[in-house]
Q: 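Once you've had a glance at the structure underneath, I'll fire off some questions.
Keep in mind it's a predicted model, so treat the numbers as computed, not measured.
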Amino acid sequence: MPLARRALLAALAAGPMVAACTSARAIPSDDAPRTDRAPRTASPAARRLLPDHWRQITFTEGLERDTFRVSGSTGRITVAGDTPATQLTGLNWYLRHIAYAEINWAGEQTNLLPRDLPGLSAEVSRRANVTHRFALNDTNDGYTGAYLDWAYWERELDVLALHGYNEVLVYTGADALYHRVFQEFGYGEEELREWVPGPAHQPWWLLQNLSAFPSPLSARLLDARAVLGRRIADRARELGMTPVLPGYFGTVPAGFAERVPGARTVPQGEWMGFARPDWLDPRTDEFARVAAAFYRVQDEMFGPSTLYKMDLLHEGGDPGDVPVADAAKGVERALQRSRPGATWVILGWQHNPPRAIVDAVDKQHMLVVDGLSDRFPTVTDREADWGDTPYAFGSIWNFGGHTALGANTPDWAALYEKWRTKDGSRLHGIALMPEAADNNPAAFALFSELAWREGELNLKSWFAEWAHARYGARDPHAEAAWDILRRTAYGTTRADSWSEGADGLFGARPALNVVRAGRWSPKQLRYSAADFEPSLGELLKVRAELRVSSAYRRDLLDVARQALSNRSRVMLPQIKAAYDAGDKARFDRSSRDWLSLMDLLDELVATDSRHLLGRWVADARSWGATAAEREELAYDNLSLLTVWGTREGADAGLRDYANREWAGLVGGLYRLRWSTYFEELRAALAAGRAPKKIDWFALEDRWARNPGPLATEPTGDTYTVATQVRDRLTALS
C-alpha cells in the first residue's frame with residue numbers, strides 16, 4: 001500500500017472523519033482500545049445501554065466458559081462472567097426476568113425501571129448449552145444497510161452481546177482488503193476500484209456472484225470502509241466476541257491467468273445477468289500465494305480471528321474440471337497455513353455444503369451454519385447430511401429485508417433441544433441469519449434465548465412473559481395481543497416448506513393476478529388474516545402508561561402495518577372481479593380503496609425513523625465526497641430495494657426481492673406503479689380494448705435514479721395512525 005494511503009488510514013483511525021464518513025466519530029476514552037491487562041468488563045456497554053442505571057451494576061470476571069451468574073440486592077446488582085459479552089448476557093437475563101425491561105434490535109423498554117434496580121431473592125447461574133452463537137447473514141451488509149455508521153454498529157454489537165452471541169460476521173472493509181491484495185499481483189489501483197461493486201451489492205461479490213456494479217468506488221470510500229471494518233472487529237474483540245472474517249476461496253479479477261504466470265482460472269459464467277468473477281484453482285501454487293497475501297493483509301487491516309466464512313461455488317458456481325474435494329483441501333490448506341487451528345464457517349443452504357467438501361476436510365475445523373433448520377420438513381438428520389460435521393441450528397425468517405412479521409417458532413421449540421440432545425448430535429451452535437437485521441423483535445429475542453435456556457420451551461408461557469418484559473408490566477390486552485400473534489404470524493411451521501412470512505401485494509409489480517411481490521416469496525399468507533387482525537385492537541387497548549416506550553410503538557406499527565398488508569390479498573381479487581366484469585363504477589371504487597390504503601400505510605410507517613426510505617438514501621449519500629459520488633451511492637443503495645441490478649436480472653426475478661413497506665417506497669414507487677396500472681386498465685375499459693403493455697423496468701429504474709424529495713425525519717403519531725388503520729379496516733370489512 002502506498003505510504004500516503006497508509007498515513008491516511010492511520011489518521012482516520014486516530015481521530016474524527018469528515019462528514020462523508022459518518023462512521024468515524026472520535027472514540028470516547030472509556031471505549032478506547034485496551035493496551036493493559038486489567039480485567040475486561042461490560043461496564044462501558046452497560047453505560048451505553050443503561051445510562052441512568054449502569055452505576056448500580058458491578059461486573060466481574062471469572063467463572064467457566066460461557067457462564068454467567070447474577071446476584072445482588074436493591075440497587076446493588078452483580079453480574080459475573082468470563083467475557084464482557086457473557087456478562088451482558090447475564091445482564092439481559094436480569095432485565096428480562098427480574099427488572100422486566102427489554103433492549104432489542106427493534107425497540108426497547110427501560111423507561112419503567114425503578115430508580116433503584118430490584119434485587120434478587122437468590123443467586124442465578126446459567127451456562128450456554130452450545131459453544132457457537134453466530135450472528136448475521138452474508139447478505140446483511142446489503143439488506144440491512146451498507147452505509148450504516150459507527151453509531152449503528154456500536155449499538156448493534158452491544159445488543160448482539162446482550163442477547164448471548166459470541167460470533168459476529170464482519171464483512172465491512174473487505175472491498176479495501178481485495179483492493180490492496182491484488183495490487184500485489186499486477187493490478188492497478190484504479191482498475192481494481194472499477195472491479196469492486198458498490199457497498200450495497202458487495203455481499204454478492206464476496207459470494208462470487210457479480211462484480212463492477214453499479215459504479216466504481218473512490219479511494220476515499222475504500223479507506224473509510226476499512227476504518228469502519230477495523231473498528232467493528234476491534235469492538236467485537238473488546239466485548240469478548242469473535243469477528244467472523246471472510247476467508248479466501250479463489251475469487252480473482254478478470255484476466256488473472258494472463259497476468260500471473262502459471263495461474264489457472266475457471267470461468268464462472270453469469271448470475272442473474274451479471275458476469276461472475278473467475279475462480280482461481282485452489283489446488284495450485286498460485287492460489288496458495290494469493291491466499292497467503294490475503295490473510296497477511298487481512299491481519300494487518302482487521303486483526304486476527306479464529307473463524308473464516310467461505311462458500312465454494314455458491315448458487316450455481318462451476319468447478320469446471322477441478323474436483324470439488326481437491327478444491328476444498330486446497331482452500332483448507334491455505335487457511336491452516338496462515339491461521340493454524342482456524343475454523344472454516346460454511347453456509348448450509350440448498351445443496352451446500354456437498355459431501356465432497358465436508359468429507360475432504362478436517363471436520364473438527366469446519367462449522368456449518370444451517371439456514372434450513374426451520375425451512376423444510378425433509379431436513380431431519382444433519383449428522384447424516386454432513387457426515388458428522390459440527391453445525392449450528394439456524395433460521396432465515398426474513399429474505400431481502402421484507403417487513404413481514406412472524407417466524408416458525410413452533411419448529412424452534414420442537415426441534416432445537418431434540419436435535420441438540422440426541423445421541424451423536426453434532427449440533428454445536430445457533431445461527432441467527434435473517435437476510436436483514438433489526439426486524440421481528442420477538443423472533444430475535446426467542447431465537448437468541450435457545451442457546452441459554454434450560455428445559456422445555458413452552459411458547460404460550462414465553463410469549464406471555466415476553467409481553468410483560470416488553471412493555472414493563474402485566475397487561476391483559478398486551479398478553480391477549482401476543483397470544484394472537486403466537487398463534488398466527490409466530491405460529492407457522494416448516495410443514496409448508498417456508499421459513500418467512502408472505503410479503504404484501506402493495507409492493508408487487510402490478511397485475512390483477514399477482515400473488516407475491518418477490519419472486520421467491522410465499523404465494524399466500526401462512527396463517528389466517530382474520531385471526532391475526534384482532535391483535536391490533538388488543539394492542540390499542542394496552543393501558544396508557546405502557547404505551548410510551550419505543551418497544552410498544554414498534555410493535556403497534558408492525559401489527560398495524562401487517563394488518564394493512566394482509567388486506568391487500570383480500571382487495572386485489574375484488575378489483576380483478578370488477579375489471580373482468582367490465583363494471584367501471586365498481587372498478588373505480590375498489591381501485592380507489594386500494595390506493596387509499598396505500599396512502600394510509602405510507603402515513604403509518606412514516607411515524608418511525610427506521611421505516612423511512614429517505615434515511616436509507618441519506619445514509620448512502622453521506623459517504624460521498626462529491627455531488628456525483630453521492631448520487632452514485634444513493635443509486636447503489638436504492639436500486640437494491642427496487643430493480644436490484646440490470647434489466648436482465650430484474651426480469652430473472654431480482655426486482656422487488658428486497659421489497660419492504662417503508663415510507664417513501666410505498667407512497668413513491670409502489671403507488672406510482674399501481675396508479676399507473678389502474679389508469680391504463682381504466683382507459684382499456686373505456687375503450688373496450690386490451691391494456692397496453694407497460695415497461696415496468698424503465699419506470700422503476702428511472703424512479704430509483706431520481707425518487708424526488710424523501711423525508712428523513714418521522715412525522716405523525718404511531719398510535720393515532722394505528723387507530724385510523726383499525727377503523728378503516730373495520731369500515732372495509
Q: Under a 3.5 Å threshold, yes or no: a donor from one side chain and an acceptor from the other, between N352 and H314?
A: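 The answer is no; no qualifying pair exists.
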Q: Given side chains that start at C-beta, do those of V227 and R225 come closer than 4.5 Å, heavy atoms only?
A: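 Answer no - side chains too far apart.
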Q: Would you say the side-chain atoms of E449 and W462 include a donor-acceptor pair closer than 3.5 Å?
A: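 Yes - a donor-acceptor pair under 3.5 Å links their side chains.
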Q: Between Y143 and W616, is a ring-ring contact (aromatic ring centres under 6.0 Å, His included) present by the stated rule, with each step listed?
A: CA-CA 11 Å; Y143 292 138; W616 181 266; 8.6 Å; no
Q: Any donor-acceptor pair under 3.5 Å linking the side-chain atoms of D175 with those of Q202?
A: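 Side chains of Q202 and D175: pair found under 3.5 Å.
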Q: Within 45 degrees of the axis of the six-membered ring of W662 and under 6.0 Å from its centre: does R615 put its NZ or CZ there?
A: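 Yes, a cation-pi geometry.
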Q: Are T86 and T83 close enough that a side-chain donor and a side-chain acceptor fall under 3.5 Å?
A: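 Checked: T86/T83 side chains pair up, N/O donor to acceptor below 3.5 Å.
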Q: Between F134 and L169, is there a side-chain heavy-atom distance shorter than 4.5 Å?
A: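 Yes, their side chains come closer than 4.5 Å.
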Q: Cut-off 3.5 Å, side chains only: do W349 and E315 have a donor facing an acceptor?
A: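 Judged by distance alone, the side chains do pair up.
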Q: Any ion pair linking R339 and D299 (charged N to carboxylate O, less than 4.0 Å)?
A: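 Here D299 pairs with R339 in a salt bridge, since their nearest N and O are under 4.0 Å apart.
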Q: May I ask you to say whether R155 pairs ionically with E108, meaning some side-chain N is under 4.0 Å from a carboxylate O?
A: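 Between E108 and R155 there is a salt bridge, with a charged N closer than 4.0 Å to a carboxylate O.
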Q: Can the ring centroids of Y248 and F287 be said to lie less than 6.0 angstrom from one another?
A: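 Judged by ring-centre distance (under 6.0 Å), Y248 and F287 do meet the cut-off.
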Q: Return yes if a side-chain donor-acceptor contact under 3.5 Å exists between D619 and N637, otherwise no.
A: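 No, no side-chain donor-acceptor pair sits under 3.5 Å.
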Q: Would you call the rings of W452 and F68 parallel, tilted or perpendicular if under 30° counts as parallel and over 60° as perpendicular?
A: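 Ring orientation, 0 to 90° scale: tilted.
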Q: Please report the C-alpha distance between R375 and E500 in whole Å, then the side-chain angles of each, then the deciding distance to 0.1 Å, and finally whether the salt bridge (Lys or Arg N to Asp or Glu O under 4.0 Å) criterion is met.
A: CA-CA 9 Å; R375 176 68 181 260; E500 74 158 342; over 6 Å; no
Q: Between W412 and F447, is the ring centre distance below 6.0 Å?
A: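 Ring-ring flag for W412/F447: true, centres closer than 6.0 Å.
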Q: Could you go through the ring-ring contact (aromatic ring centres under 6.0 Å, His included) check for F393 and W419 one step at a time?
A: CA-CA 9 Å; F393 181 96; W419 289 1; 5.7 Å; yes
Q: In this structure, is the centre-to-centre distance between the rings of Y178 and F294 below 6.0 Å?
A: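 Under 6.0 Å, so yes.
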Q: Knowing that exactly one of V361, L312, I357 qualifies, which makes a side-chain contact (heavy atoms from CB on, under 4.5 Å) with V331?
A: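 Only one option passes, and that is L312.
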Q: Answer yes or no: is there an ion pair linking R235 with E156, defined by an N-O contact shorter than 4.0 Å?
A: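 Here R235 does not pair with E156 in a salt bridge, since their nearest N and O are not under 4.0 Å apart.
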Q: Under 3.5 Å, is there a donor-acceptor pair linking the side chains of D362 and Q364?
A: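 Side-chain D/A pair, D362 to Q364: absent.
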Q: Contact between P243 and F302 at the side-chain level, heavy atoms closer than 4.5 Å - yes or no?
A: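 When only atoms from C-beta onward are counted, F302 and P243 do not touch, as no gap falls below 4.5 Å.
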Q: Side chains of T89 and N92 only: does a donor on one sit below 3.5 Å from an acceptor on the other?
A: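 There is no such pair (donor and acceptor under 3.5 Å, judged by atom type) between the side chains of T89 and N92.
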Q: Check for me whether the distance between the ring centres of Y147 and Y152 falls short of 6.0 Å.
A: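 No.
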Q: Does a side-chain heavy-atom distance below 4.5 Å link I346 with M310?
A: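 When only atoms from C-beta onward are counted, M310 and I346 do not touch, as no gap falls below 4.5 Å.
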Q: Any side-chain donor paired with an acceptor under 3.5 Å for E167 and T242?
A: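 Side-chain D/A pair, E167 to T242: absent.
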Q: Does this structure show an ion pair linking E64 with R127, if we count only N-O contacts that are shorter than 4.0 Å?
A: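 Salt bridge present between E64 and R127.
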Q: When rounded to the nearest 0.5 angstrom, what is the spacing between OG1 in T409 and CG in N440?
A: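 Going from the OG1 atom of T409 to the CG atom of N440 covers 10.5 Å.
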Q: Any non-hydrogen side-chain atom of W397 less than 4.5 Å from a side-chain atom of N408?
A: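 Side-chain contact under 4.5 Å: no.
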Q: Could you grab the distance from atom CD of E417 to atom OG of S425, nearest 0.5 Å is fine?
A: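 Going from CD on E417 over to OG on S425, the span is 9.5 Å.
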Q: Judged by modelled atom types alone, do T343 and Y308 share a side-chain donor-acceptor pair under 3.5 Å?
A: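 No donor-acceptor contact under 3.5 Å links the two side chains.
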Q: Would you say Y416 and D374 are linked by a side-chain donor-acceptor pair, where the criterion is simply a distance under 3.5 Å?
A: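 Their side chains do not contain a donor-acceptor pair, so the 3.5 Å distance test is not met.
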Q: Does L221 reach the side chain of L633, with side-chain heavy atoms less than 4.5 Å apart?
A: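 A side-chain contact under 4.5 Å exists here.
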Q: Check whether any side-chain heavy atom of L50 lies under 4.5 Å from a side-chain heavy atom of I57, and answer yes or no.
A: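 Yes - at least one pair of side-chain heavy atoms lies under 4.5 Å apart.
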Q: Would you say L450 and L457 make side-chain contact, with heavy atoms under 4.5 Å?
A: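 Contact flag for L450/L457 side chains = yes.
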Q: Check the orientation of H163 and F444. Use parallel for under 30°, tilted for 30 to 60°, and perpendicular for over 60°.
A: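 Rings of H163 and F444: tilted, as their planes differ by 30° to 60°.
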Q: How are the rings of H402 and Y657 set relative to one another: parallel (under 30°), tilted (30 to 60°) or perpendicular (over 60°)?
A: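 Taking Y657 first and then H402, their aromatic rings sit tilted (interplane angle of 30° to 60°).
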Q: So, are R133 and D66 salt-bridged, with charged N and O less than 4.0 Å apart?
A: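 Salt bridge: yes.
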Q: What's the verdict on side-chain contact (heavy atoms from CB on, under 4.5 Å) for D158 and L239, showing C-alpha distance, side-chain angles and the deciding distance?
A: CA-CA 8 Å; D158 285 347; L239 289 170; 4.0 Å; yes
